[in-house]
2 protein chains.
Amino acid sequence: METYRNVMESEAARFSGSPAAQVINVLSTRWGVLTVEAVRDGNMRFNELQRHLCGISHKVLIDTLRALQRDGFIRGPLTDPRLTEYVLTPVGAELIELINEIRRWSEDRQGRLARARDEFDRGRD
Amino acid sequence: METYRNVMESEAARFSGSPAAQVINVLSTRWGVLTVEAVRDGNMRFNELQRHLCGISHKVLIDTLRALQRDGFIRGPLTDPRLTEYVLTPVGAELIELINEIRRWSEDRQGRLARARDEFDRGRD
DNA sequence: CTGTATCCGCGAGGATACTG
DNA sequence: CAGTATCCTCGCGGATACAG
């Protein structure tokens, strides 16, 4: 066990200790963003989520849900026995806004970013 | 070799293909943020950077610099022989703004985030 | 169905030696 | 000093079997 201090908690070294760590944890793990978005898309039970996130393994979904709950972005039966579904917390909803901002930022610079890669890769083959 | 397609390019699966991948790559790797910030703090040569980023290994700094250059956030001797120092690109400077926004976002919610963790951890020991 | 407990592969990050 | 080439470690993400 001891997973809840594992997944999403290499503690995003560069932000370690800082509050930003919890955000980076979500962004930087394999299924973090996908999972919060799945939860937002409709409060779901475990199996619905797993089907929604096609490809995620049983264990990894549990680990991810646990980490997201520990960081306060979702709530669900795993921590609160009264619940039957996973739901976004208010902070979780705000997190999605932040994620969307990052997406926008990237799309606004899509051209420049892509060009950088092309140039770099061209110089090297 | 083949590192430049390695470091920072597990291709941030959840954003794979999307332009946001390049941003997440920086955020999610051990030294990504620290390195762009070091480059901003003063255009430096390799060894100065390594001293500035105390603890980073030789190889990892090179890998990180290469990835940051590939993604267009910095430029330097590694890709451009005319340069002697590593410098931020315009997009790189904007990236730092984005990072600061994420920091602000987190600090604004610091209390709620910390409380979530405390509650979770308390419920489990 | 939901969560736990194991076992495993692979890749990022690190240590080190070698080359211009 | 800057960059390359190896080798190693450790932990995330995954597969699977088991338990309420």
Side-chain angles (χ1 to χ4, degrees), chain A residues 1-14 16 24-35 39 44-70 74-86 123-124, chain B residues 1-14 16 24-35 43-70 74-86 123-124:
Chain A
M1 240 244 309
E2 190 64 5
T3 42
Y4 71 99
R5 274 185 180 156
N6 231 351
V7 167
M8 291 187 175
E9 188 159 3
S10 51
E11 201 54 354
R14 53 253 89 126
S16 207
I24 306 294
N25 286 342
V26 179
L27 294 174
S28 65
T29 49
R30 181 76 177 74
W31 295 96
V33 172
L34 264 32
T35 304
V39 170
M44 296 167 145
R45 330 246 314 295
F46 184 87
N47 254 13
E48 300 177 276
L49 281 173
Q50 184 166 22
R51 237 168 302 126
H52 205 80
L53 297 167
C54 37
I56 193 172
S57 84
H58 190 108
K59 175 205 154 204
V60 173
L61 178 53
I62 294 231
D63 290 350
T64 304
L65 289 171
R66 181 179 287 117
L68 289 172
Q69 287 172 90
R70 174 160 134 90
I74 67 175
R75 292 191 311 123
L78 205 149
T79 40
D80 187 339
R82 294 166 304 177
L83 295 175
T84 67
E85 299 179 327
Y86 292 89
R124 292 195 121 250
Chain B
M1 238 242 311
E2 191 63 8
T3 41
Y4 71 98
R5 271 185 182 156
N6 231 352
V7 167
M8 291 189 175
E9 189 159 4
S10 53
E11 202 50 357
R14 53 254 91 125
S16 206
I24 306 294
N25 286 343
V26 180
L27 293 175
S28 66
T29 49
R30 181 73 178 77
W31 295 96
V33 172
L34 263 34
T35 304
N43 307 339
M44 295 167 146
R45 333 242 316 293
F46 184 87
N47 255 12
E48 301 177 277
L49 280 173
Q50 185 167 19
R51 238 168 301 125
H52 204 79
L53 297 167
C54 37
I56 194 170
S57 85
H58 191 108
K59 176 204 154 207
V60 173
L61 178 53
I62 293 233
D63 290 351
T64 304
L65 288 171
R66 181 179 287 118
L68 289 173
Q69 286 173 91
R70 175 159 132 91
I74 68 176
R75 293 189 312 121
L78 205 150
T79 40
D80 187 340
R82 294 165 305 175
L83 295 177
T84 67
E85 299 179 327
Y86 292 89
R124 291 195 121 250

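Because the structure is predicted, anything quoted here is derived from the model rather than measured. We name chains A, B, ... by the order of the sequence lines, and we start the count at 1 in each one.
Rounded to whole angstrom, the span from the CD atom of B:E85 across to the P atom of D:dA2 amounts to 10 Å. To the nearest angstrom, C1' of C:dA12 lies 15 Å from CZ of B:R66. Atoms CG (B:L65) and C1' (D:dT4) sit 14 Å apart, rounded to a whole Å. One atom, CG of A:D63, and another, P of C:dC7, lie 16 Å apart when rounded to the nearest Å. Summarising the geometry, the separation between CD1 on A:I56 and C1' on C:dT2 is reported as 14 Å, rounded to the nearest angstrom. Rounded to whole angstrom, the span from the OH atom of B:Y86 across to the P atom of D:dC1 amounts to 14 Å. Spacing between atom NE2 of B:H58 and atom C1' of C:dA17 amounts to 11 Å, rounded to whole angstrom units. Taking atom CD1 of residue B:I62 and atom P of nucleotide C:dC18, one finds them 17 Å apart after rounding to whole Å.
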Given B:I62 and B:K59, is the side-chain contact (heavy atoms from CB on, under 4.5 Å) satisfied, shown in steps? CA-CA 5 Å; B:I62 293 233; B:K59 176 204 154 207; 5.8 Å; no
Would B:W31 and B:V60 satisfy side-chain contact (heavy atoms from CB on, under 4.5 Å), going step by step from the backbone distance to the final call? CA-CA 8 Å; B:W31 295 96; B:V60 173; 3.6 Å; yes
Dump the intermediate steps for side-chain contact (heavy atoms from CB on, under 4.5 Å) on A:I56 and A:L49, then the final yes or no. CA-CA 9 Å; A:I56 193 172; A:L49 281 173; over 6 Å; no
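A side chain to side chain contact (heavy atoms under 4.5 Å, CB included) with A:L68 holds for exactly one of A:D63, A:T35, A:V39; it is A:T35.
Contacts between residues 46-54 of chain A and DNA chain C, defined by a heavy-atom separation under 4.0 Å, are made by A:F46, A:N47.
At the phosphate of D:dC12, neither OP1 nor OP2 sits under 4.0 Å from any side-chain N or O atom of A:W31.
For A:R45, whose side chain is taken as the heavy atoms from C-beta onward, the closest listed nucleotide among D:dA2, C:dT2, C:dA15 is C:dT2. Listed nucleotides: D:dG3, D:dG14, C:dG13. Nearest to the side chain of B:T29: C:dG13. Listed candidates were C:dT4, C:dA15, D:dG14. Nearest to the side chain of B:K59 is C:dA15.
Each end of the helix from C:dC1-D:dG20 to C:dG20-D:dC1 gets its own axis from five base pairs, and the two axes differ in direction by 20°, given to 10 degrees.
Contact annotation: the side chain of B:L78 approaches that of B:R66 to within less than 4.5 Å [non-hydrogen atoms, C-beta and beyond]. In this structure the side chain of B:L83 reaches within 4.5 angstrom of the side chain of B:P77, judged on heavy atoms. Side chains of B:F46 and B:H58 form a contact here, defined as non-hydrogen atoms less than 4.5 Å apart.
A:Q69 places a side-chain N or O within donor-acceptor distance of the main-chain N or O of A:L65, the cut-off being under 3.5 Å. Not a single donor-acceptor pair under 3.5 Å links the side chain of A:E85 to the backbone N or O of A:G76.
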